[in-house]
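Counting starts at 1 for both ligands and their atoms, in listed order. Numbers here are sequence positions counted from 1.
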Amino acid sequence: MSDSPPPSPLLQNHADRLRKAAALGPTLDLACGRGRNAIAAATTGARVIGIDRNLSALATLRHAAEARRLPVDPVRADLETSWGIPVRAGSCGAILVFRFLFRPLAGPICEALARGGILLYETFTTAQRRLGTGPQNPAFLLAPGELRELFGGLEILDYWEGLSDADPPQALARLAARRP
Ligand SMILES: C[S@@+](CC[C@H](N)C(=O)[O-])C[C@H]1O[C@@H](n2cnc3c(N)ncnc32)[C@H](O)[C@@H]1O
C-alpha cells in the first residue's frame with residue numbers, strides 16, 4: 001500500500017506471533033480503516049477479516065488486497081452495538097485493534113480469541129490531550145494503565161505507554177497479549 005501509512009511498530013514487532021497464530025484461525029482487524037495493519041498481517045500468512053463501518057475505507061482495503069493477491073475479507077459492521085463482534089467464540093487466531101476504543105468490546109474480544117490466540121491493541125491515551133492534536137474526546141482516550149486492566153484476563157506479553165517516535169508524537173498505549 002504505497003499511498004497509505006506504514007503498519008504499526010507493534011504489529012511489526014509481533015509479526016512472528018501473528019504468523020504462528022494463523023494456524024489457530026483467521027486474524028480479525030477491528031476498525032481496520034483502509035487496512036494498513038490488515039494488509040501487513042496478511043503478508044505473514046494469516047487470513048484476515050477486516051471490519052469497519054466505513055464503506056469507502058473497506059473498498060480501499062479490498063483493492064489493496066486484490067492487487068497483492070492477499071487473503072483479506074473486508075466486512076462492514078458497526079462495532080458499537082450490543083451485538084459485539086460478528087464471529088464465533090474461540091474462532092480467531094489473532095485480533096488487531098488499532099486507533100479505536102469501545103470499552104464494552106473488551107469481553108467479546110477475549111471470547112472471540114482461540115486459546116493461544118494473540119491480541120495486539122494500540123490506541124491513544126489521555127496524555128494526547130496535552131499534545132493538542134489528534135483525538136481529544138475522553139471517551140476515546142485510555143487512562144494510564146487502563147489497557148492492561150481491560151485485558152487483565154489475558155496473559156500480557158508486552159505492554160508500553162508513552163510518546164511515539166512519530167512526527168508529531170502521539171500518546172499511545174500498546175499491548176500484546178495471549179488468551180491462556
Ligand atoms: C483512526 S481510524 C483507525 C484505522 C486503522 N485501525 C488504523 O490504525 O489505521 C478509526 C477507524 O474506526 C472506524 N470506526 C469508528 N467507529 C466505528 C464503529 N462503531 N464500528 C466500526 N468501525 C468504526 C472508522 O471508520 C475508522 O476507519
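Between Leu120 and Asp158 the shortest side-chain heavy-atom distance does not fall below 4.5 Å. Side-chain contact check for Thr123 versus Phe98: every heavy-atom pair is 4.5 Å or farther apart. Side-chain contact between Thr126 and Pro138 is absent, with no heavy-atom pair separated by less than 4.5 Å. For the pair Leu142/Leu150, a side-chain contact is recorded, criterion being any heavy-atom separation below 4.5 Å from C-beta on. Using a 4.5 Å heavy-atom threshold, the side chains of Trp160 and Leu10 count as separate. Counting only heavy atoms from C-beta outward, the side chains of Ile49 and Thr27 never approach each other to under 4.5 Å. In this structure the side chain of Tyr121 never reaches within 4.5 angstrom of the side chain of Arg174, judged on heavy atoms.
Considering backbone and side-chain N/O atoms, Arg53 comes within less than 3.5 Å of an N/O atom of ligand 1. Considering both main-chain and side-chain atoms, Arg36 comes within under 3.5 Å of ligand 1 through a nitrogen or oxygen pair. Polar contact check, Phe98 against ligand 1: a nitrogen or oxygen pair lies under 3.5 Å apart. Geometrically, ligand 1 and Arg99 share no nitrogen or oxygen pair separated by less than 3.5 Å. For ligand 1, the polar-atom distance check against Ile51 finds no nitrogen or oxygen pair separated by under 3.5 Å.
The proximity of Ala77 to ligand 1, defined as any non-hydrogen pair under 4.0 Å, is limited to the backbone. With a heavy-atom cut-off of 4.0 Å, Ala57 does not touch ligand 1 at all. Counting heavy atoms under 4.0 Å from ligand 1, residue Pro5 does not touch it at all.
Proximity to Glu80 (heavy-atom distance under 4.0 Å) selects the following atoms of ligand 1: 16 (N), 17 (C), 18 (C), 19 (N). Set against the non-hydrogen atoms of Asn54, the atoms of ligand 1 under 4.0 Å away are 25 (O). Taking every non-hydrogen atom of Gly33 and a distance limit under 4.0 Å, the qualifying atoms of ligand 1 come out as 4 (C), 27 (O). Using a 4.0 Å cut-off to heavy atoms of Asp78, the atoms of ligand 1 that qualify are 18 (C), 19 (N), 20 (N).
At least one heavy atom of Cys32 sits less than 4.0 Å from an atom of ligand 1.
Taking the charged nitrogens against the carboxylate oxygens, Glu146 and Arg103 do have a contact shorter than 4.0 Å, which makes a salt bridge. Between Arg62 and Asp73 there is no salt bridge, since none of the side-chain N atoms of the basic residue sits less than 4.0 Å from a carboxylate O of the acidic one.
Remark: minimum distance from atom 26 (C) of ligand 1 to any protein heavy atom is reached at Asp52 OD2, 3.5 Å. From the protein, the heavy atom lying nearest to atom 20 (N) of ligand 1 is Leu79 N, 2.8 Å.
For atom 6 (N) of ligand 1, the candidate residues are Gly50, Gly35, Ala31; the nearest heavy-atom contact is made by Ala31.
At distances below 3.5 Å, not a single donor-acceptor pair connects side-chain atoms of Arg47 with backbone N or O atoms of Pro26.
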